[in-house]
J.: 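The following block contains the structure, expressed as structure tokens.
All heavy atoms count here, side chains included; hydrogens, waters and symmetry mates do not.
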Amino acid sequence: MQKMAELLGLRDECEEGTVGAPALAGSCLADNRLNLDVYLDGCRRFLQLFKEQHREVVQVEFLRLSSNDCLLDTTLGSLPHLKHLKSLVLKGGLARDEFGSYQHGSLTSLPPDFGNLRCLTHLDLSFNRLSTLPSCILHLPSLRVLLVSHNSLVTLPEDFGSLSKLTFFSAMKNQLKDLPQSIGELSLLQDLDLSENALELLPEEVGNLHNCTELDLSGNRLLSIPESLANLKSLRWLHLHSNLLVTVPASLASLPNLSRLDLQNNCLRAIPAEIQALPFVHVRGNPLGETEPSPQADKSSTRRLKRLFLASGEGSFTVASEGCRVVLACGIHFYFPPGAASDPVRIHFRSLTPDPQWVKLRHHDVLLSRVLELQPHGVQFQQEVHIWMPYISPQTPHKHEVVVRTFSGQSWNDLKTRVKQKRKSKKCVAHCCVLHFSWFLVVSRLVQNECKVPAEGTLLFSSVDPNIKVIFPPGVTKEPRSVKLQVLPVSAEEIQEITANAGCRASPLLYLSQDSTVDFLKPVRIQLPLPPGVTGLNLDRSRLHILHGDLEGQTWNDITSEVVLEFTHLYAVFEVTHFSWYWLWYTTKTYIGGIAKKVYERLRLYQVNFIALQRKRDPEQVLLQCVPKHKVDPVLRKLQDRYRGPEPSDMVEMFEGEQFFAAFERGISIDMDRPDCVDGRLSFVFYSHLKNMKEIYVTSPVDRKGQAVKGQVSFYRGAVPESIPEDASRRRKGPDSLWLATLPIKLPQLKARDENPGPLYGFSFPPLNLGNAETGYLTQANLLSIARRVGADWQSIGLNLGLTYQQIERIGYNNREDLNKQILDMLFSWAQQNSEDPDCVSKLITALKESGRQDIADEVEAIIELGRQKYSESIRRLGLEQESSTEDSAIAMM
């Protein structure tokens with residue numbers, strides 16, 4: 001206790017930046033729970049509580065601590081005193097490194113007297129550095145849930161089967177090479193996750209897990225599986241994808257409750273007919289039907305890289321030293337050459353909606369794709385990995401070029417990119433090569449020409465307009481430096497439309513940059529073409545102006561009097577020593593800098609219209625979209641069969657990456673808990689080449705039994721991108737410029753047949769909360785919203801959720817005259833049966849994706865993400881005083 005007091009008095013570097021703990025006693029200890037992993041100094045808080053409120057702390061039943069905490073080792077010695085402890089979480093992964101990857105905790109072992117925690121039923125040691133399973137765990141007589149995923153376990157103890165009450169065990173992402181025979185003694189085990197390990201063989205005793213409902217062996221090195229798996233009569237989900245299987249036993253087809261068998265991405269050349277006939281078997285990514293290569297054939301000529309085809313619900317794959325080709329459901333391709341990875345590495349990927357807070361676009365950039373995140377961030381490959389990313393073809397290819405942009409950990413950089421168009425689909429693909437993984441996106445930028453300027457000098461010209469040249473004389477620099485040139489052509493029509501002055505003309509806009517902060521030692525000569533219609537023969541020098549713009553294009557200075565101008569019949573030539581924007585204007589106006597600033601700003605704006613349409617069959621489903629002016633008619637023609645609504649709004653102007661909001665008004669409302677809902681308004685970000693579309697359900701507090709509701713949706717400006725000129729940003733934030741447009745929305749009067757059944761169509765179910773406070777709940781209201789969108793896909797979704805064919809047929813027969821009742825019966829029956837399953841929400845999302853309903857899956861994921869955010873915010877804001885979460889997800893299985 002004296003040592004503990006000394007530690008509590010320390011304020012060393014490991015606590016730097018943490019919140020102090022003088023007033024923590026009343027705020028952290030809530031009933032019988034202590035959730036301290038949300039604090040940077042959670043262990044310090046625990047030690048202080050253990051000292052000052054010892055009597056209360058030893059009664060705690062649920063405890064969460066971060067194993068990234070620097071005082072963890074000292075804290076471990078106190079934990080065996082908590083004799084009433086039921087749930088203990090000592091997870092890492094709550095801190096991130098410079099690349100955004102989760103950092104493993106420091107836990108390598110547990111004190112021997114941990115085995116005295118006789119009430120402990122749930123133990124989570126994930127994201128740590130365990131190389132062996134602490135022996136004291138085998139002495140926990142009540143343990144039912146054990147999670148040791150994301151560690152470094154090579155093997156499990158021979159007497160692992162002594163954990164006779166275990167119902168849930170996850171050792172995902174370790175280095176397990178084999179399993180003890182005693183694993184078959186876990187007779188109560190229901191869920192076993194051994195994915196992403198190095199298993200090459202399974203013991204026959206696995207077939208003794210008679211209560212097992214889900215077995216995940218994906219991402220291992222299994223060549224075969226034992227026949228004894230056919231004894232698992234309770235098994236519903238069997239995941240065997242991403243192994244090296246060359247054969248599977250036909251007896252798996254006899255499992256009575258099996259509803260998913262995933263054999264994707266193996267080495268199966270043939271599959272038993274009994275298995276192939278099953279409607280729930282997945283076999284994509286196998287060399288089915290191919291003949292075994294001849295042993296006499298040359299290995300180099302017969303060797304073929306493994307090909308992996310990932311479904312929409314999968315988010316990771318394993319790359320071995322042999323290399324592979326990978327195709328994602330979204331159309332992204334990877335090529336990992338042999339030797340790219342010296343050891344097997346698990347790659348995780350996500351396709352993200354671009355967020356302007358961290359997706360930084362430069363001047364005149366156009367975003368052409370979603371953001372691809374590849375993890376582990378910063379992983380280094382021995383050979384370049386090839387990536388092909390689909391993108392939307394830009395509207396002005398002659399002015400722009402397509403590049404893949406990646407985040408290096410500190411800034412975004414453009415990669416050397418090749419583009420091509422697929423012959424059959426006509427889709428455009430951008431190809432790049434990388435040695436690291438992070439975030440990637442496809443953008444269209446102004447065509448960039450560059451060169452290395454040596455001391456001897458050189459010449460650089462534009463490929464967009466070869467009349468634009470930059471001449472570097474000898475002695476212009478001591479050390480070689482890289483120079484880049486970009487050109488934005490501006491037509492005479494654009495200048496005339498923006499300035500409303502037929503006498504104003506301008507040359508192409510030139511931007512020069514270099515990788516050095518030092519000015520050139522000698523002047524650099526720049527050649528620009530004279531503005532359209534102006535030649536050396538009719539030139540009035542008093543009307544010609546050379547403008548210099550700052551890097552952000554916010555100020556334009558007339559430097560005509562500061563440089564020596566030379567003219568030819570077609571060109572103007574002048575000299576400078578530093579680089580930025582340069583523009584040649586021909587006009588009678590005197591304050592040309594202000595005019596140029598206005599034109600430059602307008603060149604970055606897009607003319608758009610807003611549309612608000614309602615589904616013909618379901619008017620409560622509203623589609624909102626911001627469409628560039630030239631795309632409005634094609635978009636409306638595509639939607640007219642399924643939607644109806646008012647004419648598009650009047651034209652407004654928006655910047656690439658600008659935020660705007662949609663607000664439903666006059667008796668129309670939406671779910672305020674949506675993650676994209678800010679102060680009751682839906683948040684959008686405009687990208688000219690992306691869809692900028694959301695489809696949502698609206699409701700009304702007005703009684704619609706007697707009348708229709710005539711409401712409206714209004715669009716308002718939000719935040720503008722950081723690179724927008726200051727004056728433009730200020731004008732757009734003014735109180736008179738926020739409103740953009742308003743369109744009518746009408747909810748029809750409810751028909752009489754809708755009055756009696758009520759929201760559940762006659763069904764009566766108790767309140768449901770699927771999931772937990774940390775991962776987010778799905779409530780009865782959420783399930784009702786989901787049910788309204790399912791439609792005729794309910795049978796497919798039900799099968800992917802694990803319902804048997806007999807159950808589906810019974811639900812269909814019992815409610816044969818009402819589709820809505822069929823959907824509700826299926827969904828709520830499944831929810832009641834799985835309400836205590838910690839993974840039920842993720843299984844619902846996977847089932848929706850596998851059934852082709854990515855739209856509903858995205859909505860569920862959004863609800864869950866919002867729940868996680870609210871949980872974290874409430875903990876930090878209230879200090880756990882009103883903690884209402886259940887124990888960790890897996891404890892719900894008890």
J.: Kindly state each residue pair satisfying salt bridge (Lys or Arg N to Asp or Glu O under 4.0 Å) with at least one member in residues 330-349, sequence neighbours excluded.
T.: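 Applying salt bridge (Lys or Arg N to Asp or Glu O under 4.0 Å) to every pair that reaches into residues 330-349, excluding sequence neighbours, yields E196-R346.
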J.: Which donor-acceptor pairs under 3.5 Å do side chains of residues 200-207 form with protein atoms, sequence neighbours excluded?
T.:
residue : atom : partner : partner atom : Å
E204    : OE1  : S228    : OG           : 3.2

J.: Among F349, F440, W439, find the one that has a ring pair (Phe, Tyr, Trp, His ring centres under 6.0 Å) with H377.
T.: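 Of the listed options, the one satisfying the test is W439.
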J.: Is a donor on one side and an acceptor on the other found under 3.5 Å between the side chain of D178 and the backbone of T155?
T.: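 No.
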J.: Nearest 0.5 Å please: distance from the CG atom of L189 over to the NZ atom of K165.
T.: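 Between atom CG of L189 and atom NZ of K165 there are 15.0 Å.
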J.: Who pairs with S842 by side chain to side chain contact (heavy atoms under 4.5 Å, CB included), at least two apart in sequence or on another chain?
T.: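 If we apply the side chain to side chain contact (heavy atoms under 4.5 Å, CB included) test to S842, skipping adjacent residues, the hits are D839.
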J.: For H210, is there any backbone N or O sitting under 3.5 Å from a side-chain donor or acceptor partner on S234?
T.: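 The answer is yes, because a donor-acceptor pair under 3.5 Å joins these two groups.
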J.: With sequence neighbours excluded, tell me which residues meet side chain to side chain contact (heavy atoms under 4.5 Å, CB included) with D159.
T.: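 Expected list: L138, P157.
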J.: With sequence neighbours left out, what residues match E185 under salt bridge (charged side-chain N to carboxylate O under 4.0 Å, His left out)?
T.: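 Per chain and number, E185 pairs via salt bridge (charged side-chain N to carboxylate O under 4.0 Å, His left out) with no residue.
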J.: So do the side chains of L372 and M389 get within less than 4.5 Å of each other, counting heavy atoms only?
T.: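 Yes, close enough: below the 4.5 Å cut-off.
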J.: Has S182 got a side-chain atom pairing as donor or acceptor with G161's backbone, closer than 3.5 angstrom?
T.: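 Such a contact is found between S182 side chain and G161 backbone.
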J.: Quick check: closest heavy atoms across A171 and L194, and the distance to 0.1 Å?
T.: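 Result for this residue pair: CB-CD2, 3.9 Å.
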J.: Can you name the nearest heavy-atom pair linking L153 to N174, along with the distance?
T.: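 Nearest heavy atoms, L153 then N174: N-OD1, 3.0 Å.
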J.: Looking at L244 and L223, what are the two nearest heavy atoms and their distance?
T.: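 What the structure gives for the nearest pair is O-CD2, 3.5 Å.
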J.: Could you tell me whether the side chain of I137 reaches within less than 4.5 Å of the side chain of L146, counting heavy atoms only?
T.: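 Heavy-atom side-chain distance check passes, below 4.5 Å.
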J.: So, do L209 and L232 sit near enough that their side-chain heavy atoms are less than 4.5 Å apart?
T.: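 L209 reaches L232 side chain to side chain.
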J.: Just checking, any donor-acceptor pair under 3.5 angstrom between side chains of S351 and R370?
T.: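 S351 vs R370: donor-acceptor pair found between side chains.
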J.: Check for a donor-acceptor pair, side chain of T167 on one end and backbone N or O of R144 on the other, with a separation under 3.5 Å.
T.: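 Side chain of T167 to backbone of R144: a pair is present.
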J.: Rounded at 0.5 Å granularity, tell me how far NZ in K849 sits from CG in N800.
T.: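 CG of N800 is found 13.0 Å from NZ of K849.
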J.: Using a 4.5 Å cut-off on heavy atoms from C-beta on, say whether the side chain of L110 contacts that of L125.
T.: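 SC-SC contact between L125 and L110 confirmed.
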J.: Cation-pi check for W237 against K843: NZ or CZ below 6.0 Å from the six-membered ring centre and within 45 degrees of the axis, yes or no?
T.: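 Yes, a cation-pi geometry holds between K843 and W237.
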J.: Side chains of residues 274-289: which donor-acceptor partners sit under 3.5 Å, not counting sequence neighbours?
T.:
residue : atom : partner : partner atom : Å
H282    : NE2  : R260    : NH1          : 2.8
N286    : OD1  : N266    : N            : 3.1
N286    : OD1  : C267    : N            : 3.4
N286    : OD1  : L268    : N            : 3.1
N286    : ND2  : L263    : O            : 2.9
N286    : ND2  : V283    : O            : 2.8

J.: With distance as the sole test, does D216 use its side chain to make a donor-acceptor pair with the main-chain N or O of L192 at under 3.5 Å?
T.: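 No.
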J.: Quick check: does any side chain N or O of T417 sit under 3.5 Å from a backbone N or O of V404, one acting as donor and the other as acceptor?
T.: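 Yes: the side chain of T417 pairs with the backbone of V404.
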J.: What's the verdict on side chain to side chain contact (heavy atoms under 4.5 Å, CB included) for N265 and V326, showing C-alpha distance, side-chain angles and the deciding distance?
T.: CA-CA 10 Å; N265 301 322; V326 182; over 6 Å; no
J.: Looking at OG of S109 and CG of D73, how far apart are the two atoms once the value is rounded to the nearest 0.5 Å?
T.: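 Answer rounded to 0.5 Å: 7.5 Å.
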J.: Taking only residues two or more places apart in sequence, or in another chain, which ones meet P344 in a side chain to side chain contact (heavy atoms under 4.5 Å, CB included)?
T.: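 Residues passing side chain to side chain contact (heavy atoms under 4.5 Å, CB included) with P344: R221, T318.
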J.: More than 12 foreign heavy atoms under 6.0 Å from NZ of K420: is that the case here?
T.: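 No - once you tally the heavy atoms of other residues, nucleotides and ligands closer than 6.0 Å, there are 12 at most.
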J.: Any idea which heavy atoms bring L258 and R236 closest together, and the distance?
T.: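 The pair with the smallest heavy-atom distance is CD1-O, 3.6 Å.
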J.: Using 0.5 Å steps for rounding, measure from the CG atom of L215 to the CG atom of L229.
T.: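 Reported value, rounded in 0.5 Å steps: 6.5 Å.
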J.: With a 3.5 Å distance limit and no angle check, can you tell me whether S67 reaches the backbone of K91 through a side-chain donor-acceptor pair?
T.: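 Confirmed, S67 side chain pairs with K91 backbone.
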J.: Under the ring-ring contact (aromatic ring centres under 6.0 Å, His included) test, which residues partner F160, sequence neighbours left out?
T.: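 With sequence neighbours excluded, F160 shows a ring-ring contact (aromatic ring centres under 6.0 Å, His included) to F169, given in chain and number order.
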J.: For a quick test of reading the model, state the closest non-hydrogen atom pair linking D69 to S106 and the distance between them.
T.: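 Of all heavy-atom pairs spanning D69 and S106, the closest is O-OG, 4.3 Å.
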J.: Output all residues satisfying ring-ring contact (aromatic ring centres under 6.0 Å, His included) with F381, sequence neighbours left out; order by chain, then residue number.
T.: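 Listed in chain order: F336, F437.
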J.: NE2/H104 to CG/N128 distance, rounded to the nearest 0.5 angstrom?
T.: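 Rounded to the nearest 0.5 Å, the NE2-CG separation comes to 8.5 Å.
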J.: What is the distance from atom OG of S170 to atom CG of L147, rounded to the nearest 0.5 Å?
T.: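 S170 OG to L147 CG: 5.5 Å, rounded to 0.5 Å.
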J.: With distance as the sole test, does N220 use its side chain to make a donor-acceptor pair with the main-chain N or O of N243 at under 3.5 Å?
T.: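 Between the backbone of N243 and the side chain of N220 there is no qualifying donor-acceptor contact (under 3.5 Å).
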J.: Under 3.5 Å, is there a donor on one side chain and an acceptor on the other for E227 and S251?
T.: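 Yes - a donor-acceptor pair under 3.5 Å links their side chains.
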J.: I'd like to check V89 versus L63 (side-chain heavy atoms, cut-off strictly below 4.5 Å). Are they in contact?
T.: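 When only atoms from C-beta onward are counted, L63 and V89 do not touch, as no gap falls below 4.5 Å.
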J.: For K306 versus S242, what's the shortest heavy-atom pair and its separation?
T.: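 Minimum heavy-atom separation between K306 and S242: NZ-C, 4.5 Å.
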J.: I'd like to know if the side chain of D124 reaches the main chain of S126, judged simply by a donor and an acceptor atom lying under 3.5 Å from each other, with no hydrogens or angles considered.
T.: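 Checking the backbone N and O of S126 against the side chain of D124, a donor-acceptor pair under 3.5 Å is found.
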J.: Would you check, one step at a time, whether the test side chain to side chain contact (heavy atoms under 4.5 Å, CB included) holds for V860 with L848?
T.: CA-CA 10 Å; V860 176; L848 291 168; 4.0 Å; yes
J.: Below 4.5 Å, heavy atoms only, C-beta onward: do D262 and L240 meet side chain to side chain?
T.: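 No, side chains not in contact.
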J.: So, do V154 and S131 sit near enough that their side-chain heavy atoms are less than 4.5 Å apart?
T.: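 No - every pair of side-chain heavy atoms lies 4.5 Å or more apart.
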J.: Would you mind reporting whether V319 and C324 have side-chain heavy atoms less than 4.5 Å apart?
T.: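 The answer is yes, as the side chains (C-beta and beyond) meet within the 4.5 Å cut-off.
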J.: R350: which residues meet the salt bridge (charged side-chain N to carboxylate O under 4.0 Å, His left out) condition with it, sequence neighbours left out?
T.: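 R350 satisfies salt bridge (charged side-chain N to carboxylate O under 4.0 Å, His left out) with E373 once adjacent residues are dropped.
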J.: Sequence neighbours excluded, which residues qualify as ring-ring contact (aromatic ring centres under 6.0 Å, His included) partners of H241?
T.: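 Expected list: none.
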J.: Not counting sequence neighbours, which residues clear ring-ring contact (aromatic ring centres under 6.0 Å, His included) with H386? List them please.
T.: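 For H386 the ring-ring contact (aromatic ring centres under 6.0 Å, His included) partners, ignoring immediate neighbours, are Y335, W388, H431.
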J.: Would L123 and L143 count as a side chain to side chain contact (heavy atoms under 4.5 Å, CB included) here? Give the steps.
T.: CA-CA 8 Å; L123 179 61; L143 193 64; 3.9 Å; yes
J.: Kindly determine whether V148 and L133 satisfy side chain to side chain contact (heavy atoms under 4.5 Å, CB included), including the steps that lead there.
T.: CA-CA 9 Å; V148 290; L133 193 71; 3.9 Å; yes
J.: Counting N and O atoms only, with roles assigned by atom type, does the side chain of D191 sit under 3.5 Å from a partner on the main chain of F168, one being a donor and the other an acceptor?
T.: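 Not at all, since once roles are kept as given, no pair shorter than 3.5 Å links the two residues.
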